Every structure is written in structure tokens, then in C-alpha cells.
Amino acid sequence: MKAIVYDRPQVFRYTDLPDPEPGPGEVRLRVRSAGVCGTDAHLHRGEFSPRYPLTPGHEVVGEVESLGEEVATLAVGQRVALNNRVSCGWCANCRRARPAFCTRLRDHGVTRPGGFAEMIVVPASHCHPADDIPLDVVAFAEPVACAVHGMDVLAPQPGSDVLVFGAGTTGLLLAQLLAGSGAGRVTVAAPTEAKLKLARDFGADETVVMDRDDSSASLGALRALAPDGFDTVVDATGALTVIERCLPLTRDGGTVFLYGMAGERERVELSPHEIFSRELTIRGSFTQAFSFDRALRVLRTGRVRTDGMITHRFGLDAYGAALDAVRDDRGCVKAVIHP
């Protein structure tokens, strides 16, 4: 089969690998869609603890091609969405219902072979049937599962006034989940008008164009919307300059929610006294846990919409171009590879 393989950071090859064979309890999937996201750009640079040789790709939708022994819950030809994170179930973190921090985690696309390949072998238990969901919709299963987990962590209060920085995939998904979970108002701020139009189409109450070169007018518009600050300010960008703006826009007693991915070594300056004296809460959300089934439900019902979000498509041999597209945050909302 053809696959993308890294042997070290920033160097990959499009190459031939032996077709993988499923063992007991496993299935082989023929990959139909694999999303490319910011995590893949970080992995390209050697961040997030990749294990080499690595075939990345963690947002995987595939068709069951063959079954290993003891697999009775899936059928050949069935379309499934993959929960790529396989926890051990018995380490200290797993026993505390924290599988995202499993000390023996097998993470397809990070420490185990991922979906930027024609085929992948995975546990049958982590394959969610999705024949009834269009391919371009179920392609968002993993990022929606992450966003649903983010909502679990944030636990927003009904009627809250929420500001979301960023209108990429994660910002658009979070804004919809916030609106559908009882937020009193959802404002989305981002530099690209085309993405903000999607946010409005998906139910955002207010949108503000952020000027990349001079943010003063944009910040003034946000302060005019919420003179006392927003109850919750969400960063869905991972950009340090945006993260630094979150605290001043948060009301006393409010919450800053860090959801975007900054680099492992990047740092911002925060005032401990401000956090203390204003009783601010800072929360983070990492990956997904116990949320895949709920993600598929909101995709099935249309509670979360994805129409218009896939802006770029590539074959496996154009993986490098797909990475370039993800880095172009002006024009790309979601890039997918169809091996």
C-alpha cells in the first residue's frame, strides 16, 4: 500500500509499505477520508511526542476491508469513523476516568500508524458505524468529538455571553455547540470574512472582523458589545497574540478557555494578581474522551453543521500541499486527504 512515513521531524516520504493484516479483535480499514489539522502541522515539526517511523493521520473514516479473529460487531464493506485513541483501561489515569492521559496510550496517527495511508489496522472496538452519515460529514467525527469533550470541560452556564476567537474548524464547531447548549449570545471574532459568514450561517449571533495589522478598532468593537466583559472567552486559534487578549475581555469572575493549540515551547505572560483579584478561571481542553458517540449523534441530527467547511481536497501523493493549505489560515477551513 501507499503511505506517508516520517523517520524524523519535517522529513516525510510517500512510499510503499506492506499491506497490514488484522490480528484478533482488529479490522483493516481502507481509508476513505483523513482530515488534516493543526495537530498534523505540530507533528510535522516533531511536537506532541511522535513515535518514529510514523504514518500520521488521526481523523480517519474508512471502509471495513477485512476482519481479524473474534470480530463479530462489524461487517466487511461497512463505513466507520475511527476513535484513534486506544487507552489501556487500568493505569492510574484510566481508573480515574481520564483516558486522554493514559500512560500506555496507543494513539493512531501519533504513536501508532495513522490514516495518511491507503489502509490501516485498528481495534474493532474503536470503530463507530457510520454508513448513514455522508462521507463529507462524518469526516468531522474526530474534531467534533474533541469539541464535545471541550464542552464537558467548560460546562458553560445557560445564558452566558461567550466570545470565540477563531473561525477555523474548531472555532466553528465550538460556536455551534455553545449556541446549542444554551449560551445567551455567541460572538465569533476572526480575520477572514468568508469564515465569519460560515459562523453566521451556523448560528453565531455576532461576528467581528479582526484586523491582523491593527486590532484596536476590532477590540473596541468587542468591548462595545460587552462593556463589562464576556462571561467566557474561548481561544480557538492557539496564537499567542490572541491568547494575550483573552483576559482583558473577560468579565470579573469569568472564564478563559484555551482550546487552540499553541506550540509546546511557546509562552505568554499572565498576571497572577489579575487572575487572583478578579477571580478568573482558566481552563484547557485536550483531545477527546467519552464523546465519540455524542459527536456522531450531533452530526446525524444536523445539530452541528459542516456544509461548506471542507475547502481543500488532496490525494495522498499531495500530502505536502495539504500541510501547506492547513498553514494558510486565510483560505483554508478544512483540508482532507482521500487516499
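As the structure is a prediction and not an experimental result, all values here were calculated from the model.
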Between [X] (side chain) and [Y] (backbone), is there a donor-acceptor pair under 3.5 Å?
X: His338; Y: Arg32; value: yes
X: Tyr259; Y: Gly171; value: no
X: Arg305; Y: Asp201; value: yes
X: Asp131; Y: Arg79; value: yes
X: Glu118; Y: Lys2; value: yes
X: Glu47; Y: Gly263; value: no
X: Ser33; Y: Val61; value: no

### Message
Please determine whether salt bridge (charged side-chain N to carboxylate O under 4.0 Å, His left out) holds for the pair Arg313 and Asp136, giving the CA-CA distance in whole Å, both sets of side-chain angles, and the decisive distance to 0.1 Å.
### Response
CA-CA 11 Å; Arg313 300 176 190 272; Asp136 280 356; 2.5 Å; yes
### Query
Looking at residues at least two apart in the chain, or sitting in another chain, which of them share a side-chain contact (heavy atoms from CB on, under 4.5 Å) with Ala145?
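Counting only residues at least two positions away or on another chain, Ala145 forms a side-chain contact (heavy atoms from CB on, under 4.5 Å) with Gln288, Ser291, Phe292, Ala295.
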### Task
Specify whether His44 and Tyr6 have parallel, tilted or perpendicular ring planes, treating 30° as the upper limit for parallel and 60° as the lower limit for perpendicular.
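Taking Tyr6 first and then His44, their aromatic rings stand perpendicular (interplane angle over 60°).
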### Task
May I ask you to decide if the ring planes of His273 and Phe276 are parallel, tilted or perpendicular, using 30° and 60° as cut-offs?
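Because their plane-to-plane angle lies in the 30° to 60° range, the rings of His273 and Phe276 count as tilted.
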### Message
Could you go through Arg28 and Glu65, starting from their C-alpha distance and side-chain angles, then the distance that decides it, and tell me whether this counts as salt bridge (charged side-chain N to carboxylate O under 4.0 Å, His left out)?
### Response
CA-CA 6 Å; Arg28 183 171 71 198; Glu65 189 170 83; 3.1 Å; yes
Measure the shortest side-chain to side-chain distance between [X] and [Y] over non-hydrogen atoms and say whether it is less than 4.5 angstrom.
X: Arg96; Y: Phe101; result: no
X: Arg327; Y: Leu323; result: yes
X: Ser271; Y: Arg278; result: no
X: Leu172; Y: Lys195; result: no

### Message
Does atom CD (Glu279) have a neighbourhood of more than 12 heavy atoms from anything else shown, all under 6.0 Å?
### Response
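No - once you tally the heavy atoms of other residues, nucleotides and ligands closer than 6.0 Å, there are 12 at most.
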### Query
Does atom CZ of Arg51 have more than 12 heavy-atom neighbours from other groups under 6.0 Å away?
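Not more than 12 within 6.0 Å, no.
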### Task
Supply the members, apart from Ile275, of the Ile/Leu/Val/Met/Phe/Trp/Tyr cluster built from side-chain contacts under 4.5 Å; use none for a lone residue.
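Leu240, Ile243, Leu247, Val256, Leu258, Val268, Leu270, Leu280, Ile282, which link up through side-chain heavy atoms under 4.5 Å apart, make up the rest of the cluster.
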Count I, L, V, M, F, W, Y as connected when their side-chain heavy atoms are under 4.5 Å apart, and connections chain through other members. Are [X] and [Y] then in the same cluster?
X: Met261; Y: Val36; value: no
X: Phe165; Y: Leu178; value: no
X: Val60; Y: Val137; value: no

#### Entry: Thr111 side, atom OG1; His58 side, atom NE2 - distance, nearest 0.5 Å
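Going from OG1 on Thr111 over to NE2 on His58, the span is 12.5 Å.
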### Task
Go through the steps for Leu163 and Thr232 under the test side-chain contact (heavy atoms from CB on, under 4.5 Å), then give the verdict.
CA-CA 6 Å; Leu163 168 62; Thr232 300; over 6 Å; no
### Task
May I ask you to decide whether Arg200 forms a salt bridge with Glu193, counting only side-chain N to carboxylate O separations under 4.0 Å?
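Salt bridge between Arg200 and Glu193, a charged N being under 4.0 Å from a carboxylate O: yes.
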#### Entry: Heavy-atom closest pair, residues Asp19 and Met1
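It is OD1-N, 2.9 Å.
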### Query
In terms of side-chain heavy atoms, does Arg245 have a donor or acceptor partner in Ser215 at a distance below 3.5 Å?
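Indeed, the side chains of Arg245 and Ser215 share at least one donor-acceptor pair under 3.5 Å.
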### Full working for side-chain contact (heavy atoms from CB on, under 4.5 Å) between His126 and Leu82
CA-CA 6 Å; His126 281 57; Leu82 173 66; 4.2 Å; yes
### Task
Step by step, work out the side-chain contact (heavy atoms from CB on, under 4.5 Å) result for Asp307 and Phe202.
CA-CA 9 Å; Asp307 42 299; Phe202 293 159; 3.9 Å; yes
### Message
For a side-chain contact (heavy atoms from CB on, under 4.5 Å) check, start with the C-alpha distance between Thr287 and Asp107, then their side-chain angles and the critical distance, and finish with the verdict.
### Response
CA-CA 11 Å; Thr287 192; Asp107 198 354; over 6 Å; no
